[in-house]
Amino acid sequence: MTDAPIRVTVWNEFIHEQTAASTREIYPEGIHAALAAALREHLGSAVAVRSATLDEPEHGLTSDVLARTDVLTWWGHKAHDRVNDAVVDRVQRRVLEGMGLLVLHSGHASKIFRRLMGTSCMLRWREAAERERIWIVDPSHPIVDGLEGEFFEIPHTEMYGEYFDIPRPDEVILISWYEGGEVFRSGCTFRRGKGKVFYFSPGHETFPIYHDANVRRIIANAVCWAAPCGSPYFGDGRRIEAPLSPIAAKHIVDESLHRKG
Ligand code: ZN
């Protein structure tokens with residue numbers, strides 16, 4: 001263990017805040033600023049936060065930035081298709097190498113989440129300012145550390161409902177119930193390569209959900225959970241010509257079987 005801070009890059013599409021008064025009123029400095037503040041509030045000097053947005057060169061996610069990112073958080077909604085595929089490739093590679101990824105709310109439809117999941121990642125939705133009750137269904141999980149009670153509520157939310165087309169999660173930590181009747185797996189984890197991925201659904205742009213104390217705590221906890229740990233990642237498949245110890249069998253390899261084409 002070292003005392004080095006977890007290096008977090010908070011990525012935001014940053015369109016609604018510049019084009020819609022309803023969002024700007026809630027997030028005058030952008031959703032990324034609210035998320036960064038939540039991380040600093042909960043984690044203090046244990047975290048070093050930077051932000052990046054769609055309109056920056058390479059969306060602010062250059063190789064250098066990603067190499068110095070332990071955990072990336074992703075919020076996008078309107079412009080998933082404007083995210084350059086080369087950047088998606090780069091982020092995916094970093095996740096496989098061990099970078100943590102938090103996919104927030106409408107990020108379910110982002111290129112990077114769909115790439116990592118391999119499914120459509122689509123869901124049912126309704127914007128009706130209804131109540132959401134978020135049940136903790138894995139109370140031992142560090143992502144819900146410090147939450148009080150069996151559930152918490154968000155008074156006005158956008159409904160995200162099942163069926164949510166994701167592969168079976170490694171862990172389902174939160175399940176939401178909505179006033180209108182639907183339910184949703186609102187907090188799920190996945191492992192990809194050496195990287196840890198957390199999907200967390202609350203966070204619609206016209207409700208002050210990222211100002212909610214429980215939501216902020218969960219996101220901060222998730223950053224700590226997703227930070228890289230353990231041994232290096234050796235995901236590069238390769239031929240091992242020389243065995244580590246002698247092999248008794250005599251075997252002639254038919255090289256033609258291994259050639260491409
Ligand atoms: Zn939304």
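Throughout, numbering of the chain's residues begins at 1 and tracks the sequence. Start at 1 and go down the list; that is how both ligands and their atoms are numbered.
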Donor-acceptor check, side chain of Asn214 to backbone of Phe152, threshold 3.5 angstrom: yes or no?
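No, Asn214 side chain to Phe152 backbone: no donor-acceptor pair under 3.5 Å.
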Name of the residue among Phe113, Tyr160, Tyr210, Trp74 meeting ring pair (Phe, Tyr, Trp, His ring centres under 6.0 Å) with His105
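Between His105 and the candidates, ring pair (Phe, Tyr, Trp, His ring centres under 6.0 Å) is satisfied uniquely by Tyr160.
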Could you go through residues 141-149 and list every donor-acceptor pair under 3.5 Å that involves a side-chain atom there, pairing it with any protein atom two or more places apart or in another chain?
residue: His141; atom: ND1; partner: Ile143; partner atom: N; Å: 3.1
residue: His141; atom: NE2; partner: Glu171; partner atom: OE1; Å: 3.1
residue: His141; atom: NE2; partner: Glu171; partner atom: OE2; Å: 3.4

With a 4.0 Å cut-off on N to O distance, would you call Arg82 and Asp55 a salt bridge?
yes
Is it true that, when you exclude Glu162 itself, more than 12 heavy atoms of the residues, nucleotides or ligands shown sit nearer than 6.0 Å to its CD?
yes
Check the surroundings of atom CD1 in Ile252: do more than 12 heavy atoms from other residues, nucleotides or ligands lie under 6.0 Å from it?
no
Tally every protein N/O/S atom whose distance to the Zn ion (ligand 1) is less than 2.8 Å; waters are neither shown nor counted.
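Counting protein N, O and S atoms closer than 2.8 Å to the Zn ion (ligand 1) gives 3.
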